[in-house]
Amino acid sequence: MQPLPPRWRDALADEVAQPYMQALDTFLDAEQAAGTEIFPARGDWFRALELTPPDAVRVVILGQDPYHGPGQAHGLSFSVRDDVRIPPSLRNIYKELEGDLGIAPARHGLLDAWAAQGVLLLNAVLTVRMGAAASHQKRGWERFTDAVIRVVAGSPDPTVFILWGAHAQKKAAFVEDVTQGGRHLVLKAAHPSPLSAYAGFFGSRPFSAANTFLVAHGRGAIDWGLPPRA
């Protein structure tokens with residue numbers, strides 16, 4: 001297993017010592033020893049955590065699995081490298097961003113600039129076999145990423161959780177919204193997939209809602225615009 005970034009390692013010390021993490025590590029080593037290609041590359045398994053330390057998280061956007069096509073996944077939910085075709089769900093995210101804040105769609109799918117501002121782009125499962133969606137589910141990643149969410153939810157800093165689709169909403173069901181007496185803002189909508197985007201994703205305006213909440217709590221707005229392709 002790749003080492004966790006230092007601040008996450010400290011926050012998750014008890015979790016990474018659990019037996020299931022060793023079992024997960026053994027499984028991943030066996031996959032690679034058998035010649036199975038795993039996405040993202042080993043060095044990117046914890047990229048979301050590397051770019052967004054726990055004390056810097058202002059927004060959490062939950063995905064499910066990494067992209068399983070060659071060259072796509074690089075450790076951030078919904079994001080692809082800037083030379084890769086933009087996936088349909090991300091295109092719809094850009095459409096909603098334009099409708100919400102008037103920001104023209106980026107011509108690439110690299111979301112590093114969001115992560116660098118405190119947007120934790122976390123998948124529920126952090127690895128996948130090439131060409132085999134959901135192939136690394138129920139191996140331990142879900143428990144680990146639950147722990148990551150609990151660290152953020154336990155922070156005293158008011159944070160925005162953007163939960164698109166039933167899977168994300170179920171995974172973060174324990175996060176207490178401000179309407180429930182909690183300190184975080186939980187925004188729920190349909191998934192941006194073309195199969196569901198017209199069932200409540202378009203028009204949900206999560207980006208402006210997130211910024212309004214962050215500014216009101218002294219945490220500053222996210223610049224949701226993305227720089228041009230490198």
Side-chain angles (χ1 to χ4, degrees), residues 1-2 5 24 27-29 31-32 34-52 59-97 105-116 119-146 148-149 161-172 189-197 201-202 206-207 224 226-230:
M1 186 75 69
Q2 292 296 105
L24 173 60
F27 165 74
L28 293 169
D29 284 346
E31 287 274 88
Q32 293 192 311
T36 301
E37 189 158 7
I38 293 175
F39 297 140
R42 181 179 283 266
D44 286 334
W45 291 355
F46 297 124
R47 182 166 176 77
L49 305 184
E50 290 169 2
L51 294 182
T52 315
V59 177
V60 178
I61 297 179
L62 290 180
Q64 189 164 352
D65 290 289
Y67 297 117
H68 56 83
Q72 293 179 301
H74 69 112
L76 304 181
S77 62
F78 296 103
S79 181
V80 292
R81 298 190 184 281
D82 62 3
D83 58 349
V84 175
R85 184 177 180 180
I86 301 172
S89 290
L90 184 54
R91 287 192 181 278
N92 285 338
I93 291 170
Y94 286 170
K95 287 179 183 178
E96 177 60 18
L97 178 59
R107 307 184 88 173
H108 62 84
L110 186 67
L111 304 182
D112 281 21
W114 291 359
V119 181
L120 180 61
L121 295 161
L122 182 69
N123 279 317
V125 176
L126 301 188
T127 59
V128 68
R129 291 177 193 151
M130 180 176 70
S135 51
H136 285 181
Q137 289 185 2
K138 299 181 180 179
R139 293 288 184 172
W141 280 130
E142 293 93 339
R143 180 172 168 181
F144 173 78
T145 52
D146 280 351
V148 171
I149 296 169
F161 288 80
I162 297 178
L163 309 179
W164 291 325
H167 184 273
Q169 291 165 23
K170 181 178 179 181
K171 185 169 181 65
H191 194 278
S193 162
L195 298 175
S196 56
F201 174 74
F202 289 132
F207 307 101
W224 294 104
L226 292 167
R229 177 180 290 164

Separation between [atom1] of [X] and [atom2] of [Y], rounded to the nearest 0.5 Å:
X: Trp164; Y: Ile61; atom1: CH2; atom2: CD1; answer: 4.5 Å
X: Phe161; Y: Leu120; atom1: CZ; atom2: CG; answer: 8.5 Å
X: Gln2; Y: Leu49; atom1: CD; atom2: CG; answer: 12.5 Å
X: Phe39; Y: His68; atom1: CZ; atom2: NE2; answer: 10.0 Å

Donor + acceptor pair across side chains of Arg42, Gln32 (<3.5 Å)
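A donor-acceptor contact under 3.5 Å links the two side chains.
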Side-chain donor/acceptor of [X] to backbone N/O of [Y], under 3.5 Å:
X: Lys171; Y: Glu142; result: yes
X: Ser193; Y: Ser89; result: no
X: Asn92; Y: Pro192; result: yes
X: Gln72; Y: Gly69; result: yes
X: Trp45; Y: Leu126; result: no
X: Glu37; Y: Pro70; result: no

Of all heavy-atom pairs between [X] and [Y], which one has the smallest distance, and what is that distance?
X: Glu96; Y: Phe201; answer: CB-CE2, 3.6 Å
X: Tyr94; Y: Gly109; answer: OH-CA, 3.5 Å
X: Val59; Y: Ile162; answer: CG1-CD1, 3.8 Å
X: Pro194; Y: Pro88; answer: CG-CB, 3.5 Å
X: Pro227; Y: His108; answer: O-NE2, 2.6 Å
X: Leu110; Y: Leu226; answer: O-CD2, 3.8 Å

Apply side-chain contact (heavy atoms from CB on, under 4.5 Å) to the pair Val148 and Leu122, showing each step before the final yes or no.
CA-CA 9 Å; Val148 171; Leu122 182 69; 3.9 Å; yes
Quick one: does Phe207's side chain get under 4.5 Å of Ile93's, heavy atoms only?
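In contact.
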Any side-chain heavy atom of Trp224 within less than 4.5 Å of one from Trp114?
yes
Does the pair Asp112/Arg81 count as a salt bridge with the N-to-O cut at 4.0 Å?
no
Taking ring-ring contact (aromatic ring centres under 6.0 Å, His included) as the test, write out the residues that go with His191, two or more places apart.
Phe78
List for me each residue that meets ring-ring contact (aromatic ring centres under 6.0 Å, His included) alongside His74, sequence neighbours excluded, and say none if there are none.
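Scan of His74 (ring-ring contact (aromatic ring centres under 6.0 Å, His included), adjacent residues dropped) gives none.
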All pairs passing side-chain hydrogen bond (donor to acceptor under 3.5 Å, both in side chains) where residues 127-137 contributes a residue, at least two apart:
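Qualifying pairs: Glu31-Arg129, Glu31-His136, Asp65-Gln137, Thr127-His136, Thr127-Trp141.
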Please evaluate residues Leu62 and Ile149 with respect to the criterion side-chain contact (heavy atoms from CB on, under 4.5 Å), reporting the C-alpha separation (whole Å), side-chain torsions for both, the decisive distance (0.1 Å), and the verdict.
CA-CA 10 Å; Leu62 290 180; Ile149 296 169; 3.9 Å; yes
Could you tell me whether Arg107 atom CZ has more than 12 heavy atoms of other residues or ligands within 6.0 Å of it?
no
Start with the C-alpha gap between Met1 and Leu24, add the side-chain angles, then the distance that decides, and say whether side-chain contact (heavy atoms from CB on, under 4.5 Å) holds.
CA-CA 8 Å; Met1 186 75 69; Leu24 173 60; 3.9 Å; yes
Step by step, would you call Ser77 with Asn123 a side-chain contact (heavy atoms from CB on, under 4.5 Å)?
CA-CA 5 Å; Ser77 62; Asn123 279 317; 3.3 Å; yes
